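Bear in mind the structure is a predicted one, so any value in this text is a computation, not a measurement.
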Amino acid sequence: MDDNNTAQNRPVRKKRPIPQGEERSGAVKRKRPTGEKRDRTDTASARRPEKQGRKRPVGNEEKAQNDRPVNRSSRQVKKRRKNYVGIIVFLLIALIAAAAAGILYWIKFGPSKEKADLNKYYGIETDDQLAVVVNNNVRGPGGKLIDGVPYLEYTCLRDDINNRFYWDSNENMLLYTLPSGTISVAEGSRDYALGTEQKSMDDVIWISQDDTAYIALSFVEQYTNMESKVSENPNRVMIVTAWGETETATMKKGTSVRYQAGVKSPALTEVKKSDKVTVIENLDDWTKVRTSDGFIGYVQDKTMNAVKKENLESTSSYEVQDWTGNQIRKDYKINLAWHNMDNELANSYLPDMLAATSGITTIGPTWFSIADTDGNLTSLGSADYVNTAHQAGMEVWATFRDFQGGVTTGDEVTEVLSHTSKRQNLINQVVTEAVQKGVDGINLDFELIQQQTGDDFLQFVRELSLRCHENHLVLSIDNYVPMPYNEHYNLKEQGQAADYVVIMGYDEHTAGSETAGSVASYDYVKTGIENALDQVAAEQLINAVPFYTRLWFTGGNGLESSTLGMADAVQKVADAGASAVWDETTKQNYAEWSADGGTYQVWLEDSASLEEKLKLIHENGLGGVAEWRLGYETPEIWALISQYNN
């Protein structure tokens, strides 16, 4: 028989019925003889071996195929294929979903590659503008590049870097006052003098443009304890003036410094591994830092090594100018009593004023005032008065006011102090008068200084200090209790130039107050001393106490008040038949009564209230006490003051 015969060539045999229960498992696989080739067109024989002991029935091709038993292996393969396809489809869908989720996650949480607009960040609008970063603050445009040289704008220099530079815009002069003298520089000059020493700079020292002054950075560095670094793109200068303990960190790896704390915030700059940054503030997983070239932004904590404390020391060549070397300090506690006078005749009353006093070290006659807006002086000074005080063992610190005489308004005072020539005229006259009358010091009592006049006033103080110390005169300066609205008096800067700083611990409620109240309650005085000590050394600070009080009356015309000395106030209470009761809050005796169709109120200044204030002065180790004013006190007060002021 031909091995290649197909089913059509086989003899036709009838199918033997399979008895019930007979199994097909008895078929034996036929071995193909060596060299035998399988006819691959015979799908049945190729897929399934002949059963042992039986011949395959033959017939027409269609009948043979229809009657052929179903191949179970084929069915399983198909099923597996379907399963594989399903799994593959599922995996593809899962991969696509995961990829989509990853993309969405990256979009939402992945770090942005957006770069911040640095010109906008620094506020730069023109190519010649110079952004300024001072310590941990982006000052914004604060200077200019003029012919490639960096210059600082005057207000930026004054407010943020060194407030001792002073520009007189009226007379177009740049001044810088040192303990040894004042430097004066004309616009456009490279030369200047310090005392008898002539100096010169490579750059023009200052230039006036757009109604302001621009001072060369190189000149500022000569007289400021600072370090600076100028960078480009955009033009900026990083200035450090704060020294001492600070927090720093090195970068664990390179990263972006971002505008805000978040990976989606635009990047300001890049820092590399091992770069050092100054740490400003920690915010959960982010830290606000300052780079060495003037960027302030945020980095993730995980990109930094541990924060450490470091003592930052200046490498500037500037030599710190020590004003304290010129200061005059007494080796005893000051007890300054102000003697108020309106005319020269009052000088003759001094012996009577001192008759019942004791323990006064210093007396302050109100002699000097500004005569006019040209800076001339009015004086009530008397050499005989000084001799009388000296014979009584007292120094004389003549008081110089800005609200008595020909000038009595803030605008008039500004007119004088904002012109260098007028300031010098006033200083020359008051120092000359003080020397001629033989006084020991000048007590400056300028109370009309407006916010915009603060810089002029401080320059006046510096210049007056130089002249006073040249003539061995003590300079003391009177001030209000420190409050936000009078910060322009700048007690800290006063403390550099003056020998003593006095705070007037009274007028908590003034004659024009809308409500009745104490002239000097305990907490008012206590807070005033504490705030002043934040700016002035204790041994340099004097607290002034009141010898007066105010009697308040609320009636048909509203609230009115009158000023009374200690004895007169006690007499008023007695005449009204009222009784004073100790008020623990104000630490004063308080009295109230009804009369004249209204209500009277008084918070007494007496030995009991004064003792509480003297305790504060003593406990804080202040340089002394002052009293306003001589003649308002009761005699026993002086022994009480001596008890605590020693």
Side-chain angles (χ1 to χ4, degrees), residues 337-343 345-346 349 352-353 355-357 366 401 403-404 408-409 445 447-448 480-481 483 485 504-528 543-614 626-638 640-641:
W338 279 297
H339 183 191
N340 188 51
M341 56 181 65
D342 299 323
N343 52 63
L345 181 62
Y349 300 152
D352 294 334
M353 300 294 290
T357 68
T366 57
R401 291 171 160 180
F403 54 90
Q404 175 183 331
T408 57
T409 69
D445 186 20
E447 301 183 22
L448 300 179
Y480 300 111
V481 167
M483 294 286 182
Y485 59 80
M504 299 177 289
Y506 41 76
D507 271 351
E508 179 180 0
H509 292 82
T510 66
S513 293
E514 296 180 356
T515 58
S518 170
V519 166
S521 69
Y522 180 83
D523 284 344
Y524 180 79
V525 176
K526 181 175 183 291
T527 302
N543 183 77
V545 297
F547 281 170
Y548 70 96
T549 189
R550 286 194 169 88
L551 176 65
W552 302 90
F553 177 69
T554 305
N557 295 326
L559 183 64
E560 304 173 50
S561 72
S562 56
T563 301
L564 300 173
M566 286 182 170
D568 288 342
V570 171
Q571 190 62 48
K572 278 286 185 182
V573 175
D575 291 346
S579 298
V581 178
W582 182 255
D583 175 22
E584 187 59 34
T585 301
T586 60
K587 296 192 183 296
Q588 292 174 287
N589 284 305
Y590 170 76
E592 178 181 325
W593 65 92
S594 296
D596 305 323
T599 301
Y600 286 93
Q601 295 173 279
V602 63
W603 285 262
L604 294 172
E605 290 295 347
D606 52 22
S607 58
S609 66
L610 183 59
E611 184 171 17
E612 296 297 332
K613 298 175 180 62
L614 290 170
E627 305 92 20
W628 179 262
R629 62 183 171 110
L630 192 62
Y632 273 178
E633 78 283 0
T634 50
E636 77 279 2
I637 292 300
W638 297 110
L640 184 65
I641 293 174

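At least one donor-acceptor pair under 3.5 Å links the side chain of Asp583 to the backbone N or O of Thr585. In this structure, the side chain of Asp352 does not engage the main chain of Ala355 through any donor-acceptor pair within 3.5 Å. Without hydrogens or angle criteria, Trp552 side chain to Gly517 main chain gives a donor-acceptor distance under 3.5 Å. Of the possible donor and acceptor atoms, none in the side chain of Asp523 sits under 3.5 Å from a partner among the backbone N and O of Lys526.
The closest side-chain heavy-atom distance from Ile641 to Leu610 is below 4.5 Å. In this structure, the side chains of Leu564 and Lys572 come closer than 4.5 Å at one or more pairs of heavy atoms. For the pair Thr515 and His509, the minimum side-chain heavy-atom distance is below 4.5 Å. Counting heavy atoms from C-beta on, the side chains of Tyr600 and Glu592 never come closer than 4.5 Å. Side-chain contact between Val525 and Glu612 is absent, with no heavy-atom pair separated by less than 4.5 Å.
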- Apply side-chain contact (heavy atoms from CB on, under 4.5 Å) to Tyr480 and Met504, showing your working. CA-CA 5 Å; Tyr480 300 111; Met504 299 177 289; 4.2 Å; yes
- Task: Run the numbers on Thr366 and Met341 for side-chain contact (heavy atoms from CB on, under 4.5 Å), then give the verdict.
- Result: CA-CA 6 Å; Thr366 57; Met341 56 181 65; 3.8 Å; yes
- Message: Test side-chain contact (heavy atoms from CB on, under 4.5 Å) on Trp593 and Val573; report intermediate values, then the result.
- Response: CA-CA 9 Å; Trp593 65 92; Val573 175; 4.0 Å; yes
- Check step by step if side-chain contact (heavy atoms from CB on, under 4.5 Å) holds for His339 and Met353. CA-CA 9 Å; His339 183 191; Met353 300 294 290; 3.8 Å; yes
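Between Tyr506 and Tyr548, the ring-plane angle classifies as perpendicular under the 30° and 60° cut-offs.
Here CG of Asp507 is found 10.5 Å from CH2 of Trp628. Values are rounded to the nearest 0.5 Å. With values rounded to the nearest 0.5 angstrom, Trp338 atom CH2 is found 13.0 Å from Arg629 atom CZ. Between atom CG of residue Asn543 and atom CD of residue Glu627 there is a gap of 10.5 Å, rounded to the nearest 0.5 Å.
In plain terms, the two heavy atoms of Leu604 and Gln588 that are nearest each other are O-NE2, 3.4 Å. Between Ala337 and Trp638, the closest heavy-atom pair is CB-CH2, 4.3 Å. When all heavy atoms of Leu640 and Ser607 are compared, the pair lying nearest together is CD2-O, 3.4 Å. The shortest heavy-atom contact between Glu605 and Lys613 is OE1-NZ, 3.3 Å. Across all their heavy atoms, Phe403 and Leu448 have their closest contact at CB-CD1, 3.9 Å. Nearest heavy atoms, Ala520 versus Pro546: CB-CG, 3.9 Å.
Atom NZ of Lys587 has more than 12 heavy atoms from other residues, nucleotides or ligands within 6.0 Å.
For the 3.5 Å distance criterion, the side chains of Ser521 and Glu508 qualify, holding a donor opposite an acceptor.
Between Trp603 and Tyr522, the distance from one ring center to the other does not fall under 6.0 angstrom.
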